[in-house]
Amino acid sequence: MAGRIVAWRAHGKTVFAHVSDSAGRLQLYFRKDQLGDETFGLLDHFDLGDIIGVAGPLFRTRTGETTVRVESVELLAKSLRPLPFGKEETVDGETVRHSGFSDPEQRYRQRYADLAVHPEVRSLFIARSKMVTSIRSFLDGLDYLEVETPVLQPLYGGAAARPFETHHNALDMPLFLRIADELYLKRLVVGGFERVYEIGHDFRNEGIDRTHNPEFTMLEFYEAYADYETMMGRVESLMVSVSSSLRSLPIVGEKIPVLAPPFKRIEWVPSLNSAAGADVMSCTDAELREISRRVGVQHPEVLSRPKLIDEIFQALVESKLKNPTFVIDYPVELSPLAKPKRGNPALTERFELFANGKEMANAFSELNDPVDQRARLEGQATLKAAGDLEASGVDEDYLRAMEYGMPPMGGVGIGLDRLLMYMTDTVNIRDVILFPTMRPE
RNA sequence: GCGCCCUUAGCUCAAUUGGUUAGAGCAACUGACUCUUAAUCAGUAGGUUCUCGGUUCGAUUCCGAGAGGGCGCACCA
């Protein structure tokens with residue numbers, strides 16, 4: 001077997017060592033009389049961090065640990081730079097680590113070293129991979145088609161965010177890194193791929209903090225002839241399927257929440273009114289500011305009315321949703337991209353899923369009326385011309401696609417970094433991204 | 001952006017009211033040791049104390065500015 005030396009205990013003519021590979025740690029036992037003077041002498045040159053290959057029979061030591069009695073050994077790669085291994089001991093069944101590698105910045109910058117010395121970090125990223133596998137198999141099982149759409153886009157849209165801009169030399173034209181997949185996926189539904197999804201990176205040229213990284217992984221899926229009710233069921237099943245697939249993993253498995261469908265559903269307006277003790281939508285602006293002050297919204301005087309209402313909702317309702325809960329039927333003012341609710345045009349067919357006070361998913365019955373869509377995009381273009389850096393322009397090609405006839409459909413976006421954070425009880429997004437965006441050293 | 005905290009050896013941390021040559025464990029190097037497991041024991045080497053400036057006989061320590069980082073809040077999906 002082969003692996004990296006992670007512990008070394010030399011006792012003169014005998015040596016005990018542990019090597020680590022992707023399957024775990026294994027103890028090795030070297031004896032001078034077994035290996036011969038020459039081979040045993042080579043062991044002097046081994047360091048922690050070296051990668052070696054050994055062969056020999058397994059046995060159990062006096063303390064019962066399975067161990068390789070090494071008959072031959074070979075150095076496969078030399079470690080010139082000491083890996084910052086801590087030492088581990090087991091106290092009452094708990095692994096206690098001493099003098100490890102703990103500076104968060106260095107761990108992110110040198111993820112290779114972080115992974116090499118921290119098995120629990122490896123297991124978190126294994127969980128990430130399993131999560132994605134589980135999502136694919138869930139959607140594939142529903143006859144969804146996985147597709148790839150452009151990362152480099154001549155126009156950006158599908159969300160409100162500032163983009164990264166780049167330039168194509170041969171075409172001498174600006175290109176933007178996508179902020180969302182949405183508009184291309186919906187073009188594909190027009191083309192007849194009635195169930196499509198994409199898992200990929202979106203890029204937003206905004207701040208970095210513990211829940212934001214400039215590039216992050218987004219899952220979006222669209223289903224023709226479905227509405228937001230259907231999509232709520234999809235999201236619920238997907239969450240349950242992911243959590244059960246992760247729960248069987250070692251180390252991280254015990255952190256994964258047990259999800260019991262159906263998730264709670266609350267309607268946006270009634271839940272806000274009961275939390276605020278007032279009919280919020282009919283409040284005057286002055287009354288809204290008063291409520292804002294009471295619930296701790298900062299600078300209510302500079303916020304627009306829809307923004308103010310949204311802030312109050314976040315403070316009173318969203319932040320208190322611990323168990324997964326669908327918030328449904330958003331006011332139309334807050335949801336410019338969603339289809340009006342059948343039977344109540346003041347609301348939209350939209351839901352968001354919250355857990356631990358954080359948004360997990362955002363979904364709509366998608367707007368498929370090209371006339372309405374054009375009016376909304378032109379409104380955005382006006383804002384953009386007026387200097388709103390987050391507003392998008394008019395995507396004529398997208399409108400053309402919609403004008404050919406876009407089936408009604410439900411669409412969902414789920415930020416996978418945040419989903420993994422929720423599943424594994426991780427607070428910082430950098431902990432679930434292998435190489436988070438960093439300032440240069 | 002605001003507040004609080006932090007920055008000393010490869011890693012984890014000390015250093016008395018401001019006082020001599022900045023210490024310890026691990027890792028590295030040398031030596032002893034044939035069932036150890038944070039192995040043990042003896043020794044060696046390793047430092048621009050984040051940077052710049054100030055106060056002082058003397059600064060890791062006090063003051064100012066800057067850089068980087070962590071946490072919280074705000075903003076932002």
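Chain letters run A, B, ... following the sequence lines, proteins first, then strands; residues in each count from 1.
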> Of all the choices, rA39(B), rA27(B), rU34(B), which nucleotide is nearest to the side chain of Leu48(A) once you look at every atom?
Replying inline: rA27(B)

>> Counting the atoms with a prime plus P, OP1 and OP2 as sugar-phosphate, which does Phe30(A) contact under 4.0 Å by heavy atoms, base, sugar-phosphate, or nothing?
In response: nothing

> Can we say Asp397(A) and Arg187(A) salt-bridge, meaning some charged N sits less than 4.0 Å from an Asp/Glu carboxylate O?
Replying inline: yes

> Nearest of rA28(B), rC35(B), rC73(B) to any side-chain atom of Thr61(A)?
Replying inline: rC35(B)

> To the nearest 0.5 Å, how far apart are CZ in Arg128(A) and OG1 in Thr217(A)?
Replying inline: 4.0 Å

> Counting side-chain heavy atoms from CB outward, which of rG70(B), rU34(B), rA27(B) is closest to Tyr108(A)?
Replying inline: rG70(B)

> Of the nucleotides rG70(B), rG72(B), rU37(B), which has the atom closest to the Arg210(A) side chain?
Replying inline: rG72(B)

> Heavy atoms under 4.0 Å, any strand shown: does Arg107(A) hit a base, just sugar-phosphate, or nothing?
Replying inline: nothing

> In whole Å, what is the span from the CG atom of Leu35(A) to the C1' atom of rU34(B)?
Replying inline: 12 Å

>> Taking any heavy-atom pair under 4.0 Å as a contact, classify Arg162(A): base, sugar-phosphate, or nothing.
In response: nothing

>> If I pick the P atom on rC2(B) and the same atom on rU55(B), what distance separates them, to the nearest angstrom?
In response: 30 Å

>> Holding to salt bridge (Lys or Arg N to Asp or Glu O under 4.0 Å), I want the full list of residues that pass it with Asp47(A), two or more places apart in sequence or in another chain.
In response: Lys78(A)

> From the list rU37(B), rC75(B), rU12(B), which nucleotide is the closest neighbour of the side chain of Glu311(A)?
Replying inline: rC75(B)

> How far does the C1' atom of rU48(B) sit from the matching atom of rA9(B), given to the nearest Å?
Replying inline: 13 Å

> Taking the same atom, P, in rU49(B) and in rU7(B), what whole-Å distance lies between them?
Replying inline: 15 Å

>> Taking Glu65(A) first and then Arg25(A), would you say they form a salt bridge - that is, a charged N and a carboxylate O separated by under 4.0 Å?
In response: no

>> Between P on rU30(B) and CG on Leu43(A), what's the gap in Å once rounded to a whole number?
In response: 13 Å

> With respect to the side chain of Asp47(A), which nucleotide from rA28(B), rG70(B), rA39(B) is positioned closest?
Replying inline: rA28(B)

>> Any non-hydrogen side-chain atom of Met406(A) less than 4.5 Å from a side-chain atom of Gln373(A)?
In response: no

> Hey, does Ala159(A) reach any base, or is it just sugar-phosphate, or nothing, if we go heavy atoms under 4.0 Å?
Replying inline: nothing

> So do the side chains of Val412(A) and Asn362(A) get within less than 4.5 Å of each other, counting heavy atoms only?
Replying inline: no

> Can you tell me how far CG of Leu419(A) sits from CD1 of Ile414(A), rounded to the nearest 0.5 angstrom?
Replying inline: 6.5 Å

>> Using only modelled atom types and a 3.5 angstrom limit, is any donor from either the side chain of Asp33(A) or the base of rU34(B) paired with an acceptor on the other?
In response: yes

> Taking the P atom of each, how far is rC62(B) from rG18(B), in whole Å?
Replying inline: 7 Å

>> Taking 4.0 Å as the cut-off, does a side-chain nitrogen or oxygen of Ser102(A) come that near to OP1 or OP2 on rU12(B)?
In response: yes

>> Taking the minimum atom-to-atom distance to the side chain of Glu65(A), which one of rC11(B), rU37(B), rA28(B) wins?
In response: rU37(B)

> Any idea which of rU37(B), rA39(B), rC76(B) is nearest the Gln27(A) side chain?
Replying inline: rU37(B)

>> When the C1' atoms of rG23(B) and rU8(B) are compared, how many Å lie between them, rounded to an integer?
In response: 11 Å

> How does RNA chain B look in dot-bracket notation if pairs are Watson-Crick or G-U with both distances under 3.5 Å, crossing ones as [ ], other-strand ones as |?
Replying inline: (((((((..((((.....[...)))).(((((.......))))).....(((((..]....))))))))))))....

> Expressed as a whole number of Å, how far does the P atom of rU20(B) sit from that of rA59(B)?
Replying inline: 12 Å

> Expressed in whole Å, how much space separates the P atoms belonging to rA15(B) and rC50(B)?
Replying inline: 15 Å

> Asn428(A) near the nucleic acid: base, sugar-phosphate alone, or nothing, with a heavy-atom cut-off under 4.0 Å?
Replying inline: sugar-phosphate

>> I'd like to know if Asp209(A) reaches the base of rC75(B) with its side chain, counting only an N/O donor and acceptor under 3.5 Å.
In response: yes

> rU34(B) P sits how many Å from Lys13(A) NZ, rounded?
Replying inline: 4 Å

> Among rG68(B), rC71(B), rU34(B), which nucleotide sits nearest the side chain of Arg439(A)?
Replying inline: rG68(B)

> Which one, rC11(B), rG70(B), rA27(B), comes nearest to the side chain of Pro82(A)?
Replying inline: rA27(B)

> Is a donor on one side and an acceptor on the other found under 3.5 Å between the side chain of Asp329(A) and the backbone of Val269(A)?
Replying inline: no

> Are any non-hydrogen side-chain atoms of Leu139(A) and Phe221(A) less than 4.5 angstrom apart?
Replying inline: yes

> Is Gln34(A) touching bases, backbone alone, or none of the nucleic acid, heavy atoms closer than 4.0 Å?
Replying inline: nothing

> P atom, rA14(B) versus rC6(B): distance in rounded Å?
Replying inline: 11 Å

>> What is the separation between atom CG on Asp44(A) and atom C1' on rC33(B), rounded to the nearest whole Å?
In response: 13 Å

